[in-house]
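What follows is a set of notes on a single structure, which appears directly below.
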Amino acid sequence: MGTPGGNDPKEGTLGLRDHGDEDQHQVTSGFDSNEPVPESKLEPEIHDLCKLLFSTSIVDAHLTELNYDAKKLPLGKLGQSTIVDAYAVLQMIHEVIEEPKSERAKSYRGFRTACENLSSAYYTLIPHNFGRKRPTIINDETLLRKELDLLDALKDMEFVAKLTGSARHADNDGNRLNPLDANFRSMGLTSITPVAKDSREFATIQQYIQYGEQDVSVVSAFRVER
């Protein structure tokens, strides 16, 4: 399997990628920055949910934990095509790990060199921050799974960034909206209602969640219609 461009990454051919051409989702609200921001009109539980969903601090903390370098490639500049290309490189790494003596590994002069060059190609697409440490060579299933988890997270976060970037910051009458309200409206939900915590439905959800995760408790649950 080759990269989407048609060629496998080869030793000596890698360079820094210019991410300036990525699709950008960030837009301005169109309102005077000195104009007071209106209060949110969301119900308290839905307001708290949206704060969690659209929290940049939570996103940044999660990305930092996974060594993603958001300074080099902010989520607002991350394109879906880049994520697809990165998945393709990880697939090649998976093939090399599964078959260390495969033709693909041999084309890189062996397992170690293959993992080094493919890892470098992956980090060119998805920049990481390793501090003063050398970049990790992705050469086993555990390391590979961590990067797959990162791409899964980036895919979800890229979608959220696209939503927030396209959010209309005014109501139907042109009045300014609270940014959180605007982000909520961008989800295009027909309805969302909290599940009463004293209801049988909430208790069933709590029981179901705790069946698989003993240390997890349900803070809130919502009934959503799209």
Side-chain angles (χ1 to χ4, degrees), residues 23-31 35-68 70 73-80 82-84 86-87 126 145-226:
D23 295 334
Q24 296 195 34
H25 306 307
Q26 296 174 340
V27 296
T28 58
S29 66
F31 289 94
E35 184 179 338
V37 178
E39 293 289 329
S40 173
K41 296 181 180 180
L42 298 175
E43 296 179 31
E45 282 190 274
I46 296 176
H47 180 272
D48 291 344
L49 173 66
C50 288
K51 284 181 66 176
L52 180 64
L53 288 176
F54 299 105
S55 170
T56 55
S57 60
I58 292 177
V59 169
D60 290 344
H62 186 50
L63 293 180
T64 299
E65 183 182 347
L66 294 171
N67 293 325
Y68 180 74
L73 181 55
L75 288 177
K77 297 180 70 174
L78 176 63
Q80 189 66 28
T82 298
I83 297 176
V84 171
Y87 272 120
I126 307 295
R145 171 45 57 188
K146 181 180 178 182
E147 298 307 323
L148 287 170
D149 289 343
L150 170 59
L151 291 187
D152 288 344
L154 287 175
K155 185 169 62 174
D156 293 339
M157 294 173 187
E158 190 267 346
F159 176 72
V160 172
K162 186 175 182 179
L163 278 180
T164 57
S166 63
R168 187 170 181 269
H169 291 260
D171 61 20
N172 296 333
D173 297 323
N175 299 313
R176 186 176 186 177
L177 289 172
N178 179 282
L180 208 59
D181 293 34
N183 289 338
F184 171 74
R185 286 164 62 103
S186 71
M187 291 191 291
L189 301 179
T190 300
S191 68
I192 177 171
T193 54
V195 176
K197 295 182 179 180
D198 58 353
S199 67
R200 178 177 296 181
E201 184 178 6
F202 190 90
T204 301
I205 295 172
Q206 178 86 282
Q207 184 179 13
Y208 178 80
I209 295 296
Q210 290 182 336
Y211 179 78
E213 300 288 345
Q214 299 297 325
D215 296 328
V216 174
S217 60
V218 179
V219 176
S220 298
F222 297 87
R223 194 179 295 106
V224 177
E225 181 179 348
R226 297 206 67 173

Nearest 0.5 Å, please: how far is [atom2] in [Y] from [atom1] in [X]?
{"X": "L75", "Y": "L63", "atom1": "CG", "atom2": "CG", "result": "5.5 Å"}
{"X": "Q210", "Y": "I205", "atom1": "CD", "atom2": "CD1", "result": "12.0 Å"}
{"X": "M157", "Y": "L151", "atom1": "CE", "atom2": "CG", "result": "11.5 Å"}
{"X": "L180", "Y": "L42", "atom1": "CG", "atom2": "CG", "result": "6.0 Å"}
{"X": "T190", "Y": "E225", "atom1": "OG1", "atom2": "CD", "result": "5.0 Å"}

Any donor and acceptor pair, going by atom type alone, linking the side chain of [X] with main-chain N or O of [Y] inside 3.5 Å?
{"X": "Y68", "Y": "L73", "value": "yes"}
{"X": "Q206", "Y": "V218", "value": "yes"}
{"X": "K197", "Y": "V219", "value": "yes"}
{"X": "T204", "Y": "R200", "value": "yes"}
{"X": "D181", "Y": "S40", "value": "no"}

task: Could you pull out the closest heavy-atom pair between I126 and A86, with the gap in Å?
output: CG1-CB, 3.6 Å
- line: For H62 and A153 the tightest heavy-atom approach is NE2-CB, 3.9 Å
Any side-chain heavy atom of [X] within less than 4.5 Å of one from [Y]?
{"X": "M187", "Y": "L53", "result": "yes"}
{"X": "N183", "Y": "C50", "result": "no"}
{"X": "L66", "Y": "L154", "result": "no"}
{"X": "K155", "Y": "Y87", "result": "yes"}
{"X": "F184", "Y": "L177", "result": "no"}

task: Hey, could you give me each pair passing salt bridge (charged side-chain N to carboxylate O under 4.0 Å, His left out) that has a residue in residues 36-49? Not counting sequence neighbours.
output: none
query: Would you call R145 and D149 a salt bridge, using N to O less than 4.0 angstrom?
result: yes
- prompt: In chain order, what residues pass the side-chain contact (heavy atoms from CB on, under 4.5 Å) check against V224, with sequence neighbours excluded?
  reply: L189, I192, F222, R226
task: State which residues pass side-chain contact (heavy atoms from CB on, under 4.5 Å) with R223; sequence neighbours excluded, sorted by chain then number.
output: T193, V195, E201
